[in-house]
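Beneath this line is the structure, given in structure tokens, with notes to follow.
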Amino acid sequence: MRALLARVDAVLVQAVIAAALSFAHLHDIALAAGQDGWKAWAYPVSVDLLLVAAWRQLRTGDAKASGWCWFGIALTASLGANVATAGLLDLDDVPAWLRILVAGWPAVAFLGGTLLAHSVPKAVEDLDSATEDAGQVDDTEPAPEPPALPAADPAPVQTATSAPPAVSVPAALVEHARKVAAEHHTRTGAVIDTPTLRARLGVPAPMAEAIAAQI
């Protein structure tokens, strides 16, 4: 465990030293190219952030080509500053092409950082595609038929031999029906039939039949 901690600590120290030196070289190049004040300090920050974003894309993302492209651009900017400040470039007389590169770097860093930060992982794209496919319904497929209901028991059928239900007729109504039947016989000379008796009394058909049976 102690050996591992010592190795990790050494790596961290080495990384801090390298980052500090690269940071200073980028600051010197920006300052020599006419970017004074806080702008000279912002340039190395943008280069290092683009390196970190590209490395993160290579470690966790699926767009490996994009990650390697922006990692190479940021690494070239960092190495170029380190080499240029090693005595190969006169910082008191910076060429025009270098001033153009330094002036255009913020737009390049912004574009690369935006593309790397907002790239959608492939797993998320596949999940969204599967969700959309599952949500689409094929209109050509017929709708499922409802389950068949159990057949109802048939209603009992009354046979011709079964007797009609008994209807209770008041005696006064029977007596009135007899008078109506007598008046009809006197007027027409025929026995009154059940439909006529029913119409004259204004009673239901079963009651009319029961009255006709009693008169």
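Since the model is a prediction, treat every value here as computed from it, not as a measurement. The figures that follow rest on heavy atoms only: side chains count, while hydrogens, waters and symmetry mates do not.
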(request) Output the distance between atom CD (Glu209) and atom CG (Leu197), rounded to the nearest 0.5 Å. (result) 10.5 Å
(message) As an exercise, state the distance from CD of Glu183 to OG1 of Thr188, rounded to the nearest 0.5 Å.
(response) 8.5 Å
Contact check, side chains of [X] and [Y], non-hydrogen atoms, under 4.5 Å:
X	Y	answer
His27	Trp41	yes
Met207	Leu173	yes
Val180	His176	yes
Val47	Phe23	no

Any chain of hydrophobic side-chain contacts (each under 4.5 Å) joining [X] to [Y]?
X	Y	answer
Ile100	Ile29	no
Leu51	Leu49	no
Leu50	Leu111	yes
Ile192	Val174	yes
Leu79	Leu58	yes

Indicate the atoms forming the closest heavy-atom contact of [X] with [Y], along with that distance.
X	Y	answer
Leu201	Ala177	CD1-CB, 3.8 Å
Arg178	Gln214	NH2-O, 3.4 Å
Val191	His185	N-CD2, 4.2 Å
His25	Asn82	ND1-OD1, 2.6 Å
Gly67	Ala54	O-CB, 3.6 Å
Gln57	Leu116	OE1-O, 3.7 Å

(message) Tell me every residue that passes side chain to side chain contact (heavy atoms under 4.5 Å, CB included) with Val108, counting only those two or more places apart in sequence or in another chain.
(response) Trp70, Ile73, Trp105
(request) Verify, without hydrogens or angle tests, whether Ser78 (side chain) and Leu75 (backbone) share a donor-acceptor contact under 3.5 angstrom. (result) no
(request) Check whether any side-chain N or O of Tyr43 sits under 3.5 Å from a backbone N or O of Val102 as a donor-acceptor pair, and report yes or no. (result) yes
(request) Could you list all the side chain to side chain donor-acceptor pair (under 3.5 Å) pairs where at least one residue sits in residues 93-104, not counting sequence neighbours? (result) none
